[in-house]
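Report on the following structure.
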Amino acid sequence: MALVGCGSALPAASVSNAALSERVDTNDAWIRSRTGIGARRVAGPDETLTSLAAEACTHALAHAGWSPESLDLILLATSSPDDLFGTAPRIQACLGARNAVAFDLTAACSGFLFALITTAQYIAGGSVRRALVIGADQLSRWVDWDDRRTCVLFGDGAAAVAVEACDADANGLLGFRMRSDGSRNGCLTLAQTDQRQALLGNLSAQRGGFAPIHMNGQEVYKFAVREVPAVLAEVLEACGTEANQLDWLLLHQANQRILDAVAERFKVPPERVLSNLASYGNTSAATIPLMLDEAVRDGRVKPGHRLASSGFGAGLSWGGALLRWSGPQG
Ligand code: COA
């Protein structure tokens, strides 16, 4: 599977730390020093997950030089769908990708990496030739804007990567590992509320609805700085790759301190650690493709570059992959 194109889309409105401090008891210095975040994009009512993701896909298709009809698969990683029955088919309809099958995958901030790895299996099996892998989230709809421990962290965004079957020498997924540990699920949740509704006689049913994001920040932080280096070390070893052979660290953008800790573990210098936290915060499933798109567009990531990537977050779930960027073919 080769990584040949990318695209992204962001909501228009940017909310700075200073602006947020008008609503909750926080300040720019605290947020920047603890997280590296300076601002985040927040989607308005008309900027749906579907519209942002479809725009990102349109850019990725143009970058790859593909028609929508040539797609076999659209895989959307998201935890904040427009429709719990599935949002990917809506994106398919917007694109006019009538020959593709489209469905959603949920794995929180690991979602994009898990979706990319999943897509690689379809391509390796021969049933898919061309696919769009999307990471998109709008957690602004699910944070408690009065909870300063969480609302400062998250932002909205969508990004997509175009991938296709290729010869072995162009392979863009050189190795990977995926992990989850549901026993630690309570550290970070966006879970159903416990609301009953009387149905008939003694019979009652749950009413659907979700509580805002709940997080034990310190536990999640400890989890990330322990598991991300471990899983990346496994991937690099399996690929016979030394950290000094990497062109970039392309990690889930949750917290600059986590990026710095992982970089330090592998002795990757700061100038080879991709980070856009300052502008966008944590856009969950979107962070990795959003960061990739930015770095491809501004020329930092070039064809042939090797990137060590890791997604991690709720589940708890995490994974690592060694990627190679190909860029548009022909
Ligand atoms: N502004 C100002 N003060 C804040 C604050 C904010 N936005 N959020 C928390 N605080 C306060 C706390 O109330 C606490 O005050 P207290 O000591 O008077 O009770 C103090 O800051 C320290 O809180 P603590 O939670 O210990 O801070 P921390 O150093 O662990 O940083 C996080 C908090 C959330 C930034 C950090 O734990 C983190 O980044 N965790 C990982 C979160 C993450 O990445 N989640 C997504 C994973 S995909």
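Start at 1 and go down the list; that is how both ligands and their atoms are numbered.
- Residue contact check: Gly313 has heavy atoms under 4.0 Å from atoms 48 (S) of ligand 1.
- Annotation for ligand 1: atoms under 4.0 Å from non-hydrogen atoms of Asn282 are 46 (C), 48 (S).
- Proximity of Trp325 to Asp247: side-chain heavy atoms (C-beta onward) are nowhere separated by under 4.5 Å.
- When hydrogens are left out, the protein atom nearest atom 28 (P) of ligand 1 is Arg34 NH1, 3.5 Å; that is the closest non-hydrogen contact.
- Following chains of ILVMFWY side-chain contacts shorter than 4.5 Å, one cannot reach Leu292 starting from Leu259, and the two form parts of different hydrophobic clusters.
- No donor-acceptor pair closer than 3.5 Å links the side chain of Arg40 to the backbone N or O of Leu153.
- Using a distance-only test at 3.5 Å, with no hydrogens or angles considered, a donor-acceptor pair links the side chain of Asp72 to the main chain of Arg130.
- Of the protein's heavy atoms, none falls inside 4.0 Å of atom 18 (O) of ligand 1.
- The shortest contact between atom 44 (O) of ligand 1 and any protein heavy atom is with Ala254 CB, 3.5 Å.
- Considering only non-hydrogen protein atoms, atom 40 (N) of ligand 1 sits nearest to Gly217 O, 2.9 Å.
- No side-chain donor-acceptor contact under 3.5 Å links Arg196 and Ser204.
- Atoms of ligand 1 found under 4.0 Å from any heavy atom of Asn255, numbered from 1 in the order shown, are 38 (C), 39 (O).
- Arg207 places no side-chain N or O within 3.5 Å of a backbone atom of Gln195 that could act as its donor or acceptor partner.
- The protein non-hydrogen atom at the shortest distance from atom 8 (N) of ligand 1 is Trp30 CH2, 3.3 Å.
- Counting only heavy atoms of the protein, atom 1 (N) of ligand 1 lies nearest to Thr26 OG1, 2.6 Å.
- A donor-acceptor distance shorter than 3.5 angstrom exists from the side chain of Trp145 to the backbone of Ser140, with no hydrogens or angles considered.
- Looking at Glu47 and Arg41, no side-chain N of the basic residue comes within less than 4.0 Å of a carboxylate O on the acidic one, giving no salt bridge.
- Taking atom 14 (C) of ligand 1 as the reference point, the nearest protein heavy-atom neighbour is Arg148 NH2, 4.6 Å.
- When each atom of ligand 1 is checked for a heavy atom of Cys109 under 4.0 Å away, the hits are 48 (S).
- Using a 4.0 Å cut-off to heavy atoms of Phe312, the atoms of ligand 1 that qualify are 48 (S).
- For atom 47 (C) of ligand 1, the closest non-hydrogen atom of the protein is Val220 CG1, 3.6 Å.
- Atom numbering of ligand 1 starts at 1 in the shown order; those under 4.0 Å from a heavy atom of Val152 are 7 (N).
- There is a protein heavy atom less than 4.0 angstrom from atom 12 (C) of ligand 1.
- For the pair Thr189 (side chain) and Ala191 (backbone), a donor-acceptor distance under 3.5 Å is absent.
- Closest heavy-atom approach to atom 31 (O) of ligand 1 within the set Arg149, Gln218, Glu219, Arg257: this belongs to Arg257.
- In summary, the atoms of ligand 1 found under 4.0 Å from a heavy atom of His252, numbered by their order in the structure, are 48 (S).
- When each of Asp156, Asp137, Thr87, Thr106 is checked for a side chain to side chain contact (heavy atoms under 4.5 Å, CB included) with Ser80, only Asp137 meets the rule.
- For atom 35 (C) of ligand 1, the nearest protein heavy atom (residue, atom name, distance) is Thr35 CG2, 3.7 Å.
- For Asn255 (side chain) and Arg34 (main-chain N/O), a donor-acceptor pair under 3.5 Å exists by modelled atom type.
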